Amino acid sequence: QVQFVESGGGSVQAGGSLRLSCKASGEIPVSSACLAWFRQAPGKEREGVAFIDRYEKTMYANSVKGRFTISKDNAKNTLYLQMNSLNPEDDAMYYCASTRSTFVSCPRGKSAFNYWGQGTQVTVSS
């Protein structure tokens, strides 16, 4: 069974920090796939915020660049998202995701990702 288990969400005041974790099990190819964090706020489309490829090259949405850091630990089959300087615009449900295939460069669209976590809520108060 393919599974992602997320943790680390919660409530924080603006300017604060949170670290999200996402542990993979089953057939998710953490070491070779593209991994990502997406987020979805009420009434909005799910958007990709951070991506990491098999060579640990990272890409970020402009809205989080310089504040969020994506990383992974292949030995632990775990993906992370360190979020600093949080603001109310970051308030959303956060999902980890993985592709099934290996890509030269990580795709950005959510349709390219095959495996998804259940989501963890991040709430930022002003």
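Everything numeric in this text was worked out from a predicted model, so none of it was measured.
- Placement of V12 and V64 within a single hydrophobic cluster is found when ILVMFWY residues are connected by side-chain heavy-atom separations under 4.5 Å, directly or transitively.
- For the pair K72 (side chain) and V30 (backbone), a donor-acceptor distance under 3.5 Å is present.
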Run the side chain to side chain contact (heavy atoms under 4.5 Å, CB included) check on W116 and R46 step by step: do they pass? CA-CA 12 Å; W116 292 85; R46 188 172 298 191; 3.4 Å; yes
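- Cation-pi geometry between R39 and Y95 is not met: the NZ or CZ atom fails to fall both under 6.0 Å from the ring centre and inside 45° of the normal.
- Put simply, the side chain of T69 reaches to within 4.5 Å of the side chain of Y60, judged on heavy atoms.
- Judged by distance alone, the side chain of S63 and the main-chain N or O of A61 form no donor-acceptor pair under 3.5 Å.
- Between Q118 and V5, the shortest heavy-atom contact is OE1-CA, 3.9 Å.
- Put simply, OG on S7 and CG on L20 are 8.0 Å apart, with the number rounded to the nearest 0.5 Å.
- Counting heavy atoms from C-beta on, the side chains of I70 and W37 come closer than 4.5 Å.
- Inter-residue side-chain proximity for R100 and Y115 is flagged as met; some heavy-atom pair is nearer than 4.5 Å.
- E47 has no carboxylate O lying under 4.0 Å from a charged side-chain N of K110, or vice versa, which leaves the two without a salt bridge.
- Not one N or O on the side chain of T123 forms a donor-acceptor pair closer than 3.5 Å with the backbone of S11.
- Under the 4.5 Å side-chain criterion, counting only non-hydrogen atoms from C-beta, D91 is in contact with Q121.
- Note: the hydrophobic cluster containing V49 also contains I52 (ILVMFWY, side chain heavy atoms under 4.5 Å, direct or indirect links).
- Nearest heavy-atom pair across R54 and S31 is CB-O, 3.6 Å.
- Taken together through direct or relayed side-chain contacts under 4.5 Å among Ile, Leu, Val, Met, Phe, Trp and Tyr, F4 and V122 form part of one hydrophobic cluster.
- Looking at every heavy atom in both residues, A41 comes nearest to A92 through N-CB, 3.9 Å.
- Side chain of K23 to backbone of K76: a donor-acceptor contact under 3.5 angstrom is found.
- Hydrophobic clustering (side-chain heavy atoms under 4.5 Å, transitive across Ile, Leu, Val, Met, Phe, Trp, Tyr) keeps F51 apart from Y94.
- Checking side-chain atoms of Q3 against main-chain N and O of A24 turns up no donor-acceptor pair under 3.5 Å.
- In this structure, A36 and L79 approach most closely via the heavy-atom pair O-CD2, 3.7 Å.
- Considering every non-hydrogen atom in both Q82 and S17, the closest pair reads NE2-CB, 4.0 Å.
- Panel note: side chain Y55, backbone V104; no donor-acceptor pair is recorded below 3.5 Å.
- Checking side-chain atoms of S32 against main-chain N and O of T102 turns up no donor-acceptor pair under 3.5 Å.
- Put simply, the side chain of L81 reaches to within 4.5 Å of the side chain of M83, judged on heavy atoms.
- Taking each heavy atom of D90 and S85 in turn, the nearest pair found is OD2-O, 4.3 Å.
- Looking at heavy atoms from C-beta onward, C106 lies in side-chain contact with M59 at the 4.5 angstrom threshold.
- Within the 4.5 Å cutoff, side-chain heavy atoms of Y80 are placed close to those of D73.
- Under the ring pair (Phe, Tyr, Trp, His ring centres under 6.0 Å) criterion, F113 pairs with F38, not counting sequence neighbours.
- No side-chain heavy atom of S125 sits under 4.5 Å from any side-chain heavy atom of P88.
- In this structure, L35 CG and T99 OG1 are separated by 7.0 Å, a value rounded to the nearest 0.5 Å.
- With a 6.0 Å radius and a threshold of 12 heavy atoms from other residues, nucleotides or ligands, E56 has its CD atom above the threshold.
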